[in-house]
Amino acid sequence: MSSPEQWTRPEPGAGPAATAAEPTPEQVIAGLRATTEGGAELTQLLNPEGERLASAHFDPYVSDIDAEALRGLYRDMVLVRRADREGNAMQRQGQLGIWVPLLGQEAAQIGSGRALRPTDMAFPSYREHGVAYTRGVDFKELLGIFRGTDHSGWDFQAHGFHPYTIVIGNQVLNATGYAMGQKFEGKVGDDDGEATIVYFGDGATSQGDVHEGFVWSAVYDAPVVFFCQNNQWAISEPTERQSRLPLYQRARGYGFPGIRVDGNDVLACLAVTRWALDECRHGNGPVLIEAFTYRMDAHTTTDDPTRYRLSDELEVWKHKDPIERVRVHLARTGGADQEFFDQVQADADAFAADLRDFCFNMPDPPPERIFANVYAEPSPVLEAQQREHLAYLAGFAEGGER
Amino acid sequence: MTTAPAAPGTRTLTYADAVREALAQAMTADERVFLLGEDIGTYGGAFGVTGDLVHRFGEERVRDTPISELGIVGAAVGAALTGMRPVVEIQFSDFTAQAMDQIVNQAAKIHFMLGGAATVPLVLRAPGGSGTGAAAQHSQSLEAWFAHVPGLKVVMPSTPADAKGLLLAAIDDPNPVIVLEHKLLYKDSGPVPEDAARVPLGTAEVRRPGADLTVVATGVMVPRALAAAERLAGEGISAGVVDPRTLRPLDTETILDSVVETGRLLLVQEAPKTCGYVAEIAAAVAGSRAFGHLRAPVGRLCGLDVPIPYAPQLERAAVPQVEDIVREARDLVRRW
């Protein structure tokens, strides 16, 4: 009765309380894990040291992931990280208005994104560049948004990837509605069922939108996976400002399962998301996944995290790097050689160089673009304003002001 | 913006510093005053307005809240009902959309629905406006939403001194007051009184007298209108500039007095034209003693009826700039 699990299990009534007057060393370690590593209930298949951990429940969901597939996930993460760093650098050079870094969250995004099928639908917030990549959205489309020359230009239905949502938590309601539609259209209930996944952060869990999405999806049995990337910080506010208990445990109050996965473990994220989507496909949704991870960079390029958090924390999380553990595992098991790693790095550099070249040469939007897409059909008021505006600009071209 | 030499009892402060000083003086004078919002503590506010206040007044009185605007305003309404003086910061005025039920259906209505048995002395500060490259959901000018709701007062300070004086008056006020600051003005400097002098709500200010034309401008359009008036003066056109400062209640008389003198009126706002706030001023003039003095149609120069674009060059084109005001004013005077 003094197992580490019992000692650290936070919810009341879930089992006997710890009885030992003084915790054993194992209990102390488990307690530390609960606060710094995601807790005893963290699902992990590949630990930070690159060791494969067995899981009777989740191993079947990744039984197809051989060395080749794992090399693919590694390559995805390296490319996405490289592109993310390039986005950050281009913002610093004034080529992008803003950039929202995903650094540190590659495994959560690639693992969950690769769990999706083409018929599934994903609703991102604004940091999900990695998920966008797995959905076949051209990274250049993302650059257009952050450069301000375009709006979410991809065909979101064809890609199964909704436009970015900037206002915190809104997309959770949209995703719930979409998932309800999948159910009402009879696309749920067997192995070929559809499902929806929605991405949000730890901060968003305080928004009413998220709670309303939980309620609606629960009472309508909507096939939606709530994928919360708990990156520990909502701009300057730590997760303690949003919740008293681990976020995944919130699901219980709404009547559906919640699970915490190591968000820096691409294999575990893939397995857990496949399981959750599977539940949804068969009509057993919704499911909440808390991917326990860390925002290694700023909230956005307008943010300076040194104002509110200590670098020690960053150093600790560097040891849990999502990419490095896969590299170590592949190297140790003979799943990849140095030539492979070098090739991936070269591919990533080429990928970034292509993005940079594209970004620097994006055309400026024409002035008439302001009036486009305000309404679905032409608007006489806007057409008049457009005529007036273009005539005004033409006046400058003809020799300046009178 | 012009920076006049500081008069006795004043110093030059930025608009953001002036807001912070008002908060600090109000908190020092009245322990019921406290702040709540997102990232206003250690971080000092997304625009640095609250700055070091958390270190001076503690985390109880400068409260970082969970990320839920409805919760922030709802909690503040509850606190105000008990006699506290909450000052809410909504990080971008666009996010008031998340809190609208508490603002419109609770804060604005409670005094009325309880037959006067309770008051809601709540202040909600929020930065609005475009010009910082913050795109469609972080750049709106939503003053007309609030000004349309009976029970709310609405303030739009355009100078550092007013940012302080109007905020202090808003904190004193027994009604819910929406204070719409402007992101572009935060770094503007100007003379600000050292003492906690109030600028009474509902008083307009004649920023510049004029003989040929009255320009009524709100928010960031005030400094732009003043710059335009300066250029127009070089062309021999005398343009006066009136800053309403409070949109509700509106000081109509000051505007009418000026229109009676000039006979021409140009209304300038950043918000989109259709159903915009300045249409209310046009209607007020049309139905007033000033109507017979008008020598020209009332001009309205507003933002385009579009969401604010992200591309910098389009963003700039979507709202009035100094040269636009000059052109509209010149046309009104020359043609009529």
Side-chain angles (χ1 to χ4, degrees), chain A residues 97-98 144-151 165-170 201-211 234-238 241-243 299 302-305 307-309 364-375 379 381-382 384-386 388-389 392-393 395-396 400-402, chain B residues 37-48 63-72 74 91-92 94-95 97-99 101-102 132-138 231 235 272-274 302-319 323-324 326-328 330-331 334:
Chain A
I98 195 172
I145 299 173
F146 290 104
R147 193 173 166 91
T149 52
D150 212 343
H151 289 145
T165 300
I166 310 298
V167 181
I168 303 300
N170 288 185
D202 41 295
T205 63
S206 295
Q207 282 287 19
D209 306 49
V210 174
H211 294 269
I235 308 186
S236 75
E237 298 185 355
R241 180 56 71 229
Q242 319 296 342
S243 185
H299 166 68
T302 63
D303 173 36
D304 172 13
R307 285 164 65 180
Y308 52 81
R309 69 184 189 190
D364 285 341
E368 58 267 28
R369 179 82 63 80
I370 305 178
F371 303 91
N373 302 321
V374 180
Y375 291 99
S379 151
V381 170
L382 283 168
Q385 287 188 4
Q386 179 171 4
E388 189 186 351
H389 183 66
Y392 173 49
L393 294 179
F396 287 113
E401 291 184 74
R402 285 164 289 167
Chain B
E38 295 159 6
D39 301 297
I40 67 170
T42 306
Y43 196 61
F47 293 91
R63 225 168 239 267
D64 267 340
T65 67
I67 315 302
S68 58
E69 289 78 12
L70 189 71
I72 295 170
Q91 200 164 75
F92 287 79
D94 312 71
F95 304 164
Q98 289 278 30
D101 186 65
Q102 285 293 335
T132 64
Q137 294 161 328
H138 292 66
R231 282 168 58 175
E235 301 178 17
K273 178 180 269 185
T274 302
C302 306
L304 299 171
D305 280 317
V306 301
I308 296 294
Y310 186 31
Q313 59 276 54
L314 301 190
E315 180 184 25
R316 188 175 188 282
V319 301
E323 61 268 24
D324 304 318
V326 169
R327 177 184 61 129
E328 290 289 329
R330 186 196 293 129
D331 283 356
R334 296 244 169 102

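Proteins get letters first, then strands, A, B, ... in listed order; numbering begins at 1 in each. What you see is a predicted model; the values in this text were computed from it and never measured.
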Worksheet item: Of the listed residues (V306(B), I67(B), D324(B), L314(B)), which shares the most heavy-atom pairs with chain A below a 4.5 Å separation?
Response: I67(B)
Worksheet item: Would you say Q385(A)'s side chain and D305(B)'s backbone share a donor-acceptor pair under 3.5 angstrom?
Response: yes
Pairwise distance [atom1]([X]) to [atom2]([Y]) - rounded to 0.5 angstrom:
| X | Y | atom1 | atom2 | result |
| --- | --- | --- | --- | --- |
| T274(B) | L382(A) | OG1 | CG | 8.0 Å |
| Q313(B) | T149(A) | CD | OG1 | 9.0 Å |
| R241(A) | E38(B) | CZ | CD | 12.0 Å |
| E323(B) | Y392(A) | CD | OH | 5.0 Å |
| D94(B) | I166(A) | CG | CD1 | 12.0 Å |
| S236(A) | I40(B) | OG | CD1 | 10.0 Å |

Worksheet item: Where does E69(B) contact chain A at under 4.5 Å (heavy atoms): side chain, backbone, both or neither?
Response: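 For E69(B), heavy atoms of backbone and side chain both lie under 4.5 Å from chain A.
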Segment of [X] engaging chain B (4.5 angstrom heavy-atom cut-off):
| X | answer |
| --- | --- |
| Y375(A) | neither |
| T302(A) | backbone |
| D364(A) | both |

Worksheet item: Any side-chain donor-acceptor pair under 3.5 Å between Y308(A) and D39(B)?
Response: no
Is there a side-chain contact between [X] and [Y] (heavy atoms, below 4.5 Å)?
| X | Y | result |
| --- | --- | --- |
| D303(A) | Y43(B) | yes |
| I98(A) | Y310(B) | yes |
| V381(A) | K273(B) | no |

Worksheet entry | Residue pair N170(A), Q98(B): steps toward the side chain to side chain contact (heavy atoms under 4.5 Å, CB included) verdict | CA-CA 10 Å; N170(A) 288 185; Q98(B) 289 278 30; 3.0 Å; yes
Item to complete: State which residue, out of Q207(A), H211(A), Q242(A), fulfils the side chain to side chain contact (heavy atoms under 4.5 Å, CB included) condition with S68(B).
Response: Q207(A)
Worksheet entry | Nearest heavy-atom neighbours spanning A311(B) and G148(A) |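 The answer is CB-O, 2.9 Å.
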